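Everything numeric in this text was worked out from a predicted model, so none of it was measured.
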Amino acid sequence: ATAADKADAAHEFRRAGELRERAIQRGAKTPTVPFAAACSYARAGDRDRAFAMLDRAIAVGFRDLDELTAHPDLAALHGDPRWTPLVARVTDARAAFRKAHADPANARFETSDIARFWRVYDQLPSAADPAALLETEYLDVGSAGLQEFIPDRITSGQKLLQAIQHHPKYFAALRKATQTVATLEPEVRQELRNLQKLYADATFPDIYYVVGAMSSGGTATPSGLVMGVELFGRGPGVPLDEMNDWHRAVIADTATLASITAHELIHFQQNLQANTLLDRAFIEGSAD
């Protein structure tokens, strides 16, 4: 993603699209990657590949009608006869998603990335290239939620390795706390049911619990809610002396994870642009 972003910045749009297609071939699961590839190809003037990537994005879950119709990179496609049917497909995809996720019972509670992380973590001391191991055996093969967490929060295997190396005692003590996350599912599902009682039009996406790079406790993404469990390790026997002031302030106990998941669930319902401080106050305040 970083290389593709750099290619876009250099106006090498076709190369950016090709780099994102390679990422898809290597296992990228989220609709974000093919949608970005479509934008790059559209800017390169390659409508056929742009539409092919939009088809791919819809196939793997793209449903953001506002993003599709308002994105300036795709404006050149609006006059193409393929555009109107594509908009209709995204409209249908959005409606189908809302219908499929109207019941809290249908939301998946996904913790497989936690177990995957610790399997790779145990191999790091003997790995010839630990960053590459994290990249290929954790990030590249992770869930759609984990992959949504990468661009703005993990960045790369190298960045994740640096987080581990900067906080070795904390990560060494973190495993036990992360292994209790699965036991929180009943409490989290009760939070989902509580929202349904309060707001009948709520949508309940899948929820992914992942190990990130000490940068974010959670976010709402197109794939669902993604929670960075490494920021919920506070407890007996977990050292915090390696932490900066921000980490000391935000690292919480695992028991608080259900309420923070509920916070991100509210963000998933929101469709608001945060252009001012007041916007952010409403967005974050209502989630709180």
Side-chain angles (χ1 to χ4, degrees), residues 1-3 5 23 26-29 109-185 188 207-219 221 225-261 263-264:
T2 301
D5 290 342
R26 292 198 304 267
K29 300 177 176 70
F109 189 95
E110 182 61 68
T111 61
S112 61
D113 292 304
I114 297 175
R116 183 179 295 107
F117 171 82
W118 290 115
R119 286 196 297 270
V120 176
Y121 175 87
D122 288 338
Q123 299 172 49
L124 294 179
S126 60
D129 189 341
L133 183 68
L134 285 165
E135 192 85 37
T136 58
E137 299 301 318
Y138 178 56
L139 300 181
D140 285 352
V141 297
S143 68
L146 175 61
Q147 292 187 1
E148 292 278 18
F149 217 54
I150 294 171
D152 297 326
R153 290 165 175 81
I154 299 177
T155 307
S156 65
Q158 182 62 45
K159 289 290 186 180
L160 180 54
L161 179 64
Q162 289 173 2
I164 296 169
Q165 292 175 334
H166 290 163
H167 311 95
K169 291 189 292 184
Y170 180 74
F171 270 88
L174 183 64
R175 188 183 316 226
K176 184 176 180 180
T178 66
Q179 290 173 335
T180 67
V181 170
T183 67
L184 299 175
E185 182 173 355
V188 171
I207 308 171
Y208 300 88
Y209 294 89
V210 310
V211 179
M214 303 292 292
S215 63
S216 174
T219 189
T221 77
L225 310 185
V226 189
M227 310 304 298
V229 301
E230 79 283 2
L231 290 186
F232 294 87
R234 186 182 293 270
V238 179
L240 299 179
D241 56 290
E242 301 162 332
M243 303 301 166
N244 59 31
D245 290 343
W246 182 80
H247 282 135
R248 290 175 187 271
V250 302
I251 289 176
D253 187 282
T254 308
T256 67
L257 193 49
S259 64
I260 303 301
T261 303
H263 174 105
E264 296 302 334

Across all chains, not counting sequence neighbours, the ring pair (Phe, Tyr, Trp, His ring centres under 6.0 Å) partners of Tyr138 are Phe117
Heavy-atom closest pair (Leu184 atom, Thr254 atom, distance to 0.1 Å) is CD1-O, 3.6 Å
Nearest heavy-atom approach of Val210 to Glu230 is O-OE1, 3.9 Å
Sequence neighbours excluded, the answer for side chain to side chain contact (heavy atoms under 4.5 Å, CB included) partners of Pro239 is Lys169, Ala173, Asp241
Residue pairs passing the salt bridge (Lys or Arg N to Asp or Glu O under 4.0 Å) test with at least one member in residues 111-120, sequence neighbours excluded, are Asp113-Arg116
Nearest heavy-atom contact between Ile207 and Met227 is CG2-CG, 4.5 Å
### Message
Looking at Lys29 and Gly142, would you say the former's side chain and the latter's main chain have a donor-acceptor pair under 3.5 Å?
### Response
yes
Contacts satisfying salt bridge (Lys or Arg N to Asp or Glu O under 4.0 Å) that involve residues 136-153 (not counting sequence neighbours) are none
Side chain proximity check, Leu146 to Tyr208, heavy atoms < 4.5 angstrom:
no
Those residues at least two apart in sequence (or on a different chain) that pass side chain to side chain contact (heavy atoms under 4.5 Å, CB included) with Ser259 are Thr256
Contacts of Asp122 meeting side chain to side chain contact (heavy atoms under 4.5 Å, CB included) (sequence neighbours excluded), chain-then-number -> Arg175
Original post:
Are any of the side-chain heavy atoms of Ile114 and Val229 separated by less than 4.5 Å?
Top reply: yes
* Counting only heavy atoms not in Asn244, do more than 12 fall under 6.0 Å of its CG? -> yes
By ring pair (Phe, Tyr, Trp, His ring centres under 6.0 Å), His166 pairs with (sequence neighbours left out) none
Value for NZ (Lys159) from CG (Leu139), rounded to nearest 0.5 Å, stands at 13.5 Å
All heavy atoms of Val211 vs all of Ile154, minimum pair found to be O-CD1, 4.1 Å
Between Leu174 and Val238, is there a side-chain heavy-atom distance shorter than 4.5 Å?
no
Contacts of Ala163 meeting side chain to side chain contact (heavy atoms under 4.5 Å, CB included) (sequence neighbours excluded), chain-then-number -> Ala213, Met214
Sorted by chain and number, sequence neighbours left out, salt bridge (charged side-chain N to carboxylate O under 4.0 Å, His left out) with Glu110 holds for Arg108
Taking every heavy atom of Glu264 against every heavy atom of Thr219, the minimum-distance pair comes out as OE1-CA, 3.3 Å
Side-chain touch Leu134/Ile164, heavy atoms, less than 4.5 angstrom: yes
Taken in chain and number order and not counting sequence neighbours, the residues that satisfy ring pair (Phe, Tyr, Trp, His ring centres under 6.0 Å) with Phe109 are Tyr209
Quick note, ring pair (Phe, Tyr, Trp, His ring centres under 6.0 Å) partners involving residues 143-165, not counting sequence neighbours, are none
Are Thr155 and Ile150 close enough that some pair of their side-chain heavy atoms sits under 4.5 Å apart?
no
Residue pairs passing the ring pair (Phe, Tyr, Trp, His ring centres under 6.0 Å) test with at least one member in residues 231-253, sequence neighbours excluded, are His167-His247
d(Leu257 CG, Thr261 OG1) to nearest 0.5 Å is 4.5 Å
Exercise. Do the non-hydrogen side-chain atoms of Thr111 and Thr178 ever get within less than 4.5 Å of each other?
Worked result: no
Separation between CD (Gln123) and CH2 (Trp118), nearest 0.5 Å, reads 13.5 Å
What one should report as the nearest heavy-atom pair of Ala131 and Leu161 is N-CD2, 3.8 Å
